[in-house]
Each structure stands twice: as C-alpha cells, then as structure tokens.
Amino acid sequence: MNEIEARLRPLVGILGGAILGGTLYAFGRGLLPGEFAFGSAVVGALAGLGARAVGAIGSPAQLRVLVFGSLFATVIGEYTIYLQADPATTFAAWLLASPRWLIFTVLFLVAGIFFGVRLLVGIDPLSDVLTHGGAAVPPGAAGTECPRCGALQTAPAEEAGAMVCHACDHTWQLSEAPRPGGSAGHGS
C-alpha cells in the first residue's frame, strides 16, 4: 500500500492543482469583463505547484499528467463557460469565433505549462540543462559526454564508431565503456 500511495500522491497533487487552476480560470473568464486569455497560464502553474507541494520528482508519467491534465482542465473550464454563454452554437464554433483570443489562450496555456514543469523539475532552467542536458543525448550523437574531460563539445569522428572531443582532442570508440576521469579509448 505504501508503494502505491507513493506513486499516486504526486499524480493526485498534479491533478488537484490542474483542477484548481481550471476552476479559477473558468471563474475568471466568467466574472471578468472581456477576453482575459492570460488566465489560462494559471492552470499549468498551479498543476506544477500542486506537484511540488506533494514532492513529485518530474518522472515522464508525472510530466504527461501535468501537461494533459492542464490541457483538459482548461478545456473543461472553457466548456463550462460555453454552456453558460452560448449553447446554441457548437463548442468548436464558439472557440473559433475569436481567433485572436484563442491564439493568446493557447500561448498563455503553453507558457503556464512550461512554468509548471519548471516548478516541478527545478527552479533554475539553465543549470538544469547544463547538468542534465547530456543525459538526453543518445551515445554517438554530437554532444555525447567526453569520458576524459566531461565536455559536451563532441562529434562523431571520421572513423566509424568513434567520437572526438573538440575541447580536449580526445578520440574514443563508442564500443568502449567510458570511465569518468580515465582514458577510455585511444587518445589523439
């Protein structure tokens, strides 16, 4: 039961934040005059805040729940406003009636989701990219970490299956297991 609770608690926090954000968005759209598209940013931000509050770690499943939960919460909030505003037209026609508002809503929603993800996985995006950027690069691609100096200024060498580091001029074979701080492969 404890393992199940540990897996579900972050998802509940994310969905709780997204639902709260979608509710606030719907109330804001229903009560405030005009077309306030910037309110859609609160959905993703609150989803990220909910995730952070319960100790989510930013696993791929949690990120998917944050993104799609925010999207669905926004659509449900907008559908609620639609039902009260003009149920005679279709929902799609109602959304497309004001293209400028729709574009800004989508842009603010994406910005809010990005901010929510930043809240979930870390505070400083630049250091996160510098710290974890190499983990997303498949071995053999430009940017593979150099086993000698740890630099990411690497590229495939002319020799098949080899890599070269432009920072320290180290050349190594991909089939060799890189050892941090040691020389894995042959140097040039």
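- What you find for Val54 and Pro10 is that their closest heavy atoms are CG2-CA, 3.6 Å.
- The local environment of OH in Tyr82 is crowded, with over 12 non-hydrogen atoms from other residues, nucleotides or ligands closer than 6.0 Å.
- Note: the hydrophobic cluster containing Leu20 also contains Val42 (ILVMFWY, side chain heavy atoms under 4.5 Å, direct or indirect links).
- To the nearest 0.5 angstrom, Thr23 atom OG1 is 9.5 Å from Ile76 atom CD1.
- Taking all atoms of both residues into account, the shortest heavy-atom contact from Phe115 to Ala45 is CD2-CB, 3.7 Å.
- Of all heavy-atom pairs spanning Met163 and Thr154, the tightest one is CE-OG1, 4.0 Å.
- In terms of heavy-atom proximity, Cys146 sits nearest to Trp172 at CA-CH2, 3.7 Å.
- A heavy-atom distance below 4.5 Å is found between the side chains of Ile81 and Trp94.
- Between Tyr25 and Thr105, the closest side-chain pair of non-hydrogen atoms falls below 4.5 Å.
- Ser70 and Ala18 make their closest contact through N-CB, 4.1 Å (heavy atoms, listed as atom of the first residue, atom of the second, distance).
- Residues Leu24 and Leu49 share a single hydrophobic cluster, defined by chaining ILVMFWY side chains whose heavy atoms lie under 4.5 Å apart.
- Across all their heavy atoms, Thr74 and Ser40 have their closest contact at CG2-CB, 4.4 Å.
- Applying the salt bridge (Lys or Arg N to Asp or Glu O under 4.0 Å) test to residues at least two apart or on different chains, the pairs with a partner in residues 73-84 are Arg29-Glu78.
- In terms of hydrophobic clustering, with Ile, Leu, Val, Met, Phe, Trp and Tyr side chains grouped at heavy-atom distances under 4.5 Å, Leu83 and Ile19 are assigned to different clusters.
- By the rule that hydrophobic residues join a cluster once side-chain heavy atoms approach within less than 4.5 Å of another member, Val43 and Val12 end up as members of separate clusters.
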Could you go step by step and tell me if Gln62 and Leu11 meet the side chain to side chain contact (heavy atoms under 4.5 Å, CB included) rule?
CA-CA 6 Å; Gln62 293 169 0; Leu11 301 178; 4.0 Å; yes

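- Looking only at side-chain heavy atoms (C-beta outward), Val117 and Leu66 come within less than 4.5 Å of each other.
- Counting non-hydrogen atoms of other residues, nucleotides and ligands closer than 6.0 Å to CZ of Phe91 gives a total above 12.
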